[in-house]
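Just below is one structure, and these are the notes that go with it.
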Amino acid sequence: ECYQRCRAVAPAKTAEKKLDVHGIFQEPSNKRVRTLAKVSSLVNLISPSKNGAVRRFGQSIQSMSLRNDGKSPGTTLKAPSKAPAMTPTKRRNSTLWSETLDIHQKSAFSAKEIKRQEAIYELCRGEQDLIEDLQLARKAYHDPMLKLSIMTQEELAHIFGDLDAYIPLHECELLLTKGTGPDGTVDQIGQIVIDWLPGLNAYKNYCSNQLAAKALLDQKKQDKRVQDFLQRCLESPFSRKLDLWSFLDIPRSRLVKYPLLLKEILRHTPPNHPDVTSLERAVTIIQDILSDINVTKGESECQYYIDKLEFLDEKQWDPLIHDCKTLLCHGELRTKSGSRLHVFLFSELLVLTRPVTRNDRSCFQVYRQPIPVRDLVLEDLQDGEVRLGGSFRGAFTNGEKAKNAFRVSSMDPSHGQSHTLHVSDVYHKQQWLNCLRTAITQQQGAPARVQPVLPSPACDEKTDENCPPPPGPKLRRQTLSKNRLEQKLQGSQRRKETGV
């Protein structure tokens with residue numbers, strides 16, 4: 001009986017056995033079998049390895065499995081939840097002058113004297129930071145790009161200028177530290193600054209070339225090699241998350257800080273201090289130097305954009321373009337029909353252009369005839385007075401009402417121009433109105449003529465394809481003699497008879 005019972009159970013157990021891939025019988029298992037996707041998710045629970053090479057290898061394996069997601073969805077590995085930690089950014093030394101003193105030394109000075117020494121220390125510390133930035137721009141950007149042939153010598157000279165020549169100039173300013181007394185204070189610095197300030201005139205050429213340098217740098221950024229190099233530098237700790245242009249613009253931003261730094265020192269200097277007179281004179285000198293630099297930079301900027309103007313017709317050329325020395329305002333505006341125009345307000349002319357590209361070179365195609373500022377008429381339009389949309393666009397829309405719009409036209413009937421322009425917000429509209437009114441006042445020697453808002457008539461293609469002209473240019477009322485009046489009436493009758 002026992003033998004028969006065992007014989008009946010044996011075939012059942014044998015049937016439950018399975019063959020593996022090698023043909024070997026395996027014992028049955030009651031364990032739950034997870035899918036491979038669930039098992040692979042446990043990889044993320046493992047703590048990351050401290051070895052950088054191993055960690056990168058693991059990440060590359062996971063990225064490979066992610067790329068093969070379409071082929072084997074069950075073997076997809078999840079990306080790591082956290083990105084590898086980046087190298088901490090290098091920071092500036094922000095130590096104050098008072099922090100360099102011990103408690104006994106600090107108690108020997110008044111609060112006003114401590115503030116004065118802090119301002120002097122900030123002036124000297126800023127010069128040291130500027131020197132470091134100039135040296136960094138040369139070593140980390142200029143020299144590697146030249147060595148790797150990422151840019152040519154001429155291109156780098158155009159972008160970087162003579163940065164090395166300015167380092168000794170700012171090292172001279174550090175002579176202020178030689179006047180430090182035994183107690184760590186600087187008594188008088190006014191005369192030292194006065195003797196040093198004229199050297200800042202060397203920045204005239206550098207600041208004048210900044211606009212062209214920035215344009216060339218932006219153009220070179222289209223190159224993949226330049227773009228990759230600058231991105232790697234930006235991610236490096238030495239950059240302090242500043243791009244190349246931020247380093248090249250540091251000298252200009254430092255120049256505008258000198259009046260503020262000197263005024264801060266003067267503010268904390270007692271009225272009876274012998275350094276007051278020298279500091280006041282130093283403030284006046286630096287303001288005159290900055291004014292001269294701004295004038296030179298403005299003329300260079302004006303000529304830069306004039307050289308980029310492209311005249312399609314000789315009739316568009318205006319001799320007043322040679323007299324333009326200042327660019328008062330420029331920017332992108334939209335016409336009534338929605339077209340984008342880049343408008344330049346020079347000291348003598350208002351020029352409307354369309355940005356174009358010629359042989360990888362950006363330029364501005366002159367649109368219509370430039371309007372002399374002396375003949376310019378400005379109209380401040382209220383919101384909703386003008387409807388947007390040209391003849392084609394208006395046929396399919398109800399005509400959206402324009403906001404932040406104004407109109408410019410010419411008093412000269414031969415020009416017959418009128419342009420309705422609008423900007424994105426009230427702030428930029430007010431900027432344009434202020435610049436236009438200032439230019440008109442300077443050229444016409446009278447308050448800017450702002451015409452009352454008139455209803456917009458039908459569009460006249462002879463005057464402007466984008467915006468309607470006013471009913472007629474506002475001219476001064478003139479008295480005609482009897483003979484001239486008769487001639488005028490006869491001429492009008494003849495035109496009616498001939499159908500002109």
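Just so you know, residue 1 is the first one in the sequence shown, and it goes up from there.
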At their closest point, which heavy atom of [X] faces which heavy atom of [Y], and how far apart are they?
X: Gln316; Y: Pro370; answer: O-CD, 3.2 Å
X: Leu309; Y: Val366; answer: CB-CG2, 4.3 Å
X: Tyr203; Y: Pro251; answer: CE2-CB, 3.5 Å
X: Leu320; Y: Pro372; answer: CD1-CB, 3.9 Å
X: Gly199; Y: Leu169; answer: O-CD2, 3.5 Å
X: Lys308; Y: Tyr304; answer: CE-OH, 2.9 Å

Using the rule given for side-chain hydrogen bond (donor to acceptor under 3.5 Å, both in side chains), can you reason through Glu154 versus His158, listing the C-alpha separation, both sets of side-chain angles and the distance that settles it, and then say yes or no? CA-CA 6 Å; Glu154 293 76 12; His158 193 69; over 6 Å; no

Should the heavy atoms of other residues, nucleotides or ligands under 6.0 Å from [atom1] of [X] be counted, would the total exceed 12?
X: Asp228; atom1: CG; value: yes
X: Lys257; atom1: NZ; value: no
X: Glu122; atom1: CD; value: no

With a 3.5 Å distance limit and no angle check, can you tell me whether [X] reaches the backbone of [Y] through a side-chain donor-acceptor pair?
X: Gln369; Y: Lys315; answer: yes
X: Ser409; Y: Ser418; answer: no
X: Ser236; Y: Arg232; answer: yes
X: Ser410; Y: Gln417; answer: no
X: Ser300; Y: Thr296; answer: no
X: Ser291; Y: Gln287; answer: no
X: Asp275; Y: Gly190; answer: yes
X: Asp425; Y: His428; answer: yes

Using the side chain to side chain contact (heavy atoms under 4.5 Å, CB included) rule, take Lys204 and Ile293 through it: C-alpha gap first, then chi angles, then the decisive distance, then the call. CA-CA 5 Å; Lys204 283 185 179 181; Ile293 292 177; 3.8 Å; yes

Let me know which of Ile194, Ile189, Val193 forms a side-chain contact (heavy atoms from CB on, under 4.5 Å) with Gln191.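 Exactly one candidate clears the test, Ile194.
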
Apply side chain to side chain contact (heavy atoms under 4.5 Å, CB included) to Val356 and Cys363, showing your working. CA-CA 6 Å; Val356 293; Cys363 57; 3.4 Å; yes

side-chain hydrogen bond (donor to acceptor under 3.5 Å, both in side chains) between Gln227 and Gln231, intermediate numbers included: CA-CA 6 Å; Gln227 187 178 5; Gln231 183 62 31; over 6 Å; no

Is there side-chain contact between [X] and [Y], with heavy atoms separated by less than 4.5 Å?
X: Phe346; Y: Leu327; result: yes
X: Arg281; Y: Leu197; result: no
X: Asp380; Y: Lys429; result: yes
X: Cys302; Y: Cys324; result: yes
X: Met151; Y: Leu217; result: yes

Could I get the full list of side-chain hydrogen bond (donor to acceptor under 3.5 Å, both in side chains) partners for Glu280, not counting sequence neighbours?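 Glu280 satisfies side-chain hydrogen bond (donor to acceptor under 3.5 Å, both in side chains) with no other residue.
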
Going by side-chain hydrogen bond (donor to acceptor under 3.5 Å, both in side chains), name the residues that satisfy it together with Asp243, two or more places apart in sequence or in a different chain.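 Asp243 satisfies side-chain hydrogen bond (donor to acceptor under 3.5 Å, both in side chains) with Ser246 once adjacent residues are dropped.
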
Worked verdict on Tyr305 versus Glu301 for side-chain hydrogen bond (donor to acceptor under 3.5 Å, both in side chains): CA-CA 7 Å; Tyr305 284 111; Glu301 181 183 7; 4.9 Å; no

Flag the pair Phe344 / Phe364 as yes when their ring centroid distance falls below 6.0 Å, and as no otherwise.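 Yes - the distance between ring centres of Phe344 and Phe364 falls below the 6.0 Å cut-off.
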
Centre-to-centre under 6.0 Å for His422 and Trp432, is that the case here?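 They do not qualify: ring centres at least 6.0 Å apart.
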
Salt bridge check: are Glu118 and Lys115 linked by an N-O gap of less than 4.0 Å?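 No, no charged N to carboxylate O under 4.0 Å.
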
Pairing of Arg254 and Glu127 as salt bridge, 4.0 angstrom limit: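 A salt bridge is present here (some side-chain N lies under 4.0 Å from a carboxylate O).
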
As an exercise, state the distance from [atom1] of [X] to [atom2] of [Y], rounded to the nearest 0.5 Å.
X: Leu134; Y: Asp162; atom1: CG; atom2: CG; answer: 12.0 Å
X: Leu163; Y: Tyr206; atom1: CG; atom2: OH; answer: 4.5 Å
X: Leu381; Y: Phe406; atom1: CG; atom2: CZ; answer: 9.0 Å
X: Leu341; Y: Leu352; atom1: CG; atom2: CG; answer: 5.5 Å
X: Leu148; Y: Asp143; atom1: CG; atom2: CG; answer: 10.5 Å
X: Trp245; Y: Tyr141; atom1: CH2; atom2: OH; answer: 13.5 Å

When the ring planes of His342 and His330 are compared, do they come out parallel, tilted or perpendicular, using 30° and 60° as the limits?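 His342 vs His330 ring planes: tilted.
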
Once you measure the plane-to-plane angle for Tyr258 and His170, does it fall in the parallel (<30°), tilted (30-60°) or perpendicular (>60°) bin?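 Tyr258 and His170: parallel rings.
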
Given Thr420, which of Arg334, Lys336, Arg407, Glu379 fulfils the side-chain hydrogen bond (donor to acceptor under 3.5 Å, both in side chains) condition?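 For Thr420, the side-chain hydrogen bond (donor to acceptor under 3.5 Å, both in side chains) test succeeds with only one of Arg334, Lys336, Arg407, Glu379, which is Arg407.
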
Would you mind listing every side-chain hydrogen bond (donor to acceptor under 3.5 Å, both in side chains) that reaches into residues 207-225, with sequence neighbours excluded?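 Qualifying pairs: Glu155-Lys220, Gln210-Asp249, Lys214-Asp218.
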
Starting from the C-alpha separation in whole Å, work towards a yes-or-no answer on side chain to side chain contact (heavy atoms under 4.5 Å, CB included) for Leu244 and Phe160. CA-CA 10 Å; Leu244 173 57; Phe160 285 82; 3.9 Å; yes

Could you go through the side-chain hydrogen bond (donor to acceptor under 3.5 Å, both in side chains) check for Gln303 and Glu299 one step at a time? CA-CA 6 Å; Gln303 189 60 44; Glu299 293 177 353; over 6 Å; no

Using the side chain to side chain contact (heavy atoms under 4.5 Å, CB included) rule, take His419 and Val343 through it: C-alpha gap first, then chi angles, then the decisive distance, then the call. CA-CA 11 Å; His419 304 279; Val343 183; over 6 Å; no

